[in-house]
Amino acid sequence: MATLPYVEAAINLGTRDGDIRSAFSLSRDNANCEYLQPADAERAISGGRELVSASLVTPYPPGSPLLVWAQLISPAILQYLGALDVREIHGFDRERGLWVFTEETLSGILDERKSTAEHGGTS
């Protein structure tokens with residue numbers, strides 16, 4: 001499976017943490033993102049797609065973030081989201097779903113970083 005572009009720092013550290021700053025900036029352009037309902041997100045993950053959050057998702061209460069920009073969305077997170085019994089979930093639109101980066105955006109950034117590395121970059 002290809003390494004996600006938002007884990008540039010993680011590649012060097014051997015972790016799956018994301019680059020929040022880059023992801024936050026990219027998420028401001030609607031062309032980079034799409035909405036997925038949790039059921040569609042679950043099917044996408046089951047099919048091998050790695051979903052990357054393009055928003056901060058915070059159930060209230062308790063007010064602790066469930067997802068942050070650049071975080072990989074797992075089946076466990078989707079299950080927890082579905083089990084929540086709260087009135088507000090900031091960053092999650094019940095009608096449209098989760099705000100995630102498109103596959104094209106992720107692929108394009110990965111290709112860009114590979115190209116930079118091939119030309120003497122550090123990526």
Side-chain angles (χ1 to χ4, degrees):
M1 198 174 288
T3 303
L4 292 172
Y6 296 111
V7 280
E8 181 176 333
I11 293 168
N12 298 326
L13 300 173
T15 69
R16 300 282 288 171
D17 299 332
D19 179 353
I20 293 175
R21 180 183 300 165
S22 295
F24 175 80
S25 296
L26 284 170
S27 71
R28 301 297 123 215
D29 183 348
N30 291 345
N32 293 327
C33 306
E34 65 182 324
Y35 282 103
L36 282 180
Q37 283 293 332
D40 297 327
E42 191 171 332
R43 280 191 291 279
I45 293 169
S46 295
R49 178 176 173 189
E50 289 187 308
L51 292 181
V52 179
S53 178
S55 67
L56 180 69
V57 177
T58 307
Y60 184 79
S64 301
L66 176 60
L67 288 167
V68 298
W69 303 272
Q71 183 175 345
L72 289 173
I73 300 171
S74 69
I77 289 172
L78 294 174
Q79 182 179 11
Y80 181 79
L81 184 63
L84 285 172
D85 186 24
V86 297
R87 298 185 89 177
E88 297 177 46
I89 303 176
H90 301 272
F92 173 70
D93 186 315
R94 291 187 191 275
E95 290 180 19
R96 296 186 285 180
L98 292 164
W99 189 236
V100 301
F101 288 103
T102 65
E103 290 179 284
E104 293 79 18
T105 297
L106 297 176
S107 295
I109 294 169
L110 182 58
D111 290 345
E112 180 182 311
R113 297 233 170 125
K114 283 181 183 177
S115 175
T116 303
E118 290 170 4
H119 293 96
T122 58
S123 298

Please report the shortest heavy-atom distance between [X] and [Y], naming the atom on each side.
X     : Y     : answer
Pro59 : Ser64 : CD-O, 3.4 Å
Pro38 : Leu78 : O-CD1, 4.0 Å
Val68 : Ser53 : O-CB, 3.4 Å

Mind jotting down which residue pairs meet the ring pair (Phe, Tyr, Trp, His ring centres under 6.0 Å) criterion with at least one end in residues 24-54? Sequence neighbours excluded, please. Phe24-Trp69, Tyr35-Trp99
Please enumerate all residues that pass side chain to side chain donor-acceptor pair (under 3.5 Å) together with Glu34, with sequence neighbours excluded.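 For Glu34, the residues satisfying side chain to side chain donor-acceptor pair (under 3.5 Å) (neighbours in sequence not counted) are Arg49.
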Going from [atom1] on [X] to [atom2] on [Y], what distance comes out if it is rounded to the nearest 0.5 angstrom?
X      : Y     : atom1 : atom2 : answer
Ser27  : Ile20 : OG    : CD1   : 11.5 Å
Glu104 : Asn32 : CD    : CG    : 10.5 Å
Leu98  : Ile77 : CG    : CD1   : 9.5 Å
Ser74  : Glu50 : OG    : CD    : 11.5 Å
Gln71  : Leu51 : CD    : CG    : 12.0 Å

Heavy atoms, side chains only, cut-off 4.5 Å: are [X] and [Y] in contact?
X     : Y     : value
Pro61 : Val86 : yes
Val52 : Leu72 : yes
Leu36 : Ile73 : no

What do you reckon, is CD of Gln37 surrounded by more than 12 foreign heavy atoms closer than 6.0 Å? yes
May I ask you to check whether over 12 heavy atoms, not counting those of Arg87, lie within 6.0 Å of atom CZ? no
With sequence neighbours left out, write down each residue that passes side-chain contact (heavy atoms from CB on, under 4.5 Å) with Ser25, or none if nothing qualifies.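 side-chain contact (heavy atoms from CB on, under 4.5 Å) list for Ser25, sorted by chain: empty.
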Is Tyr60 linked to Leu66 within one hydrophobic cluster, defined over Ile, Leu, Val, Met, Phe, Trp and Tyr using a side-chain heavy-atom separation of less than 4.5 Å?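 Cluster IDs for Tyr60 and Leu66 differ.
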Give the cluster check for Tyr80 versus Ile89: same hydrophobic cluster or not, with ILVMFWY residues linked at side-chain heavy-atom distances below 4.5 Å. yes
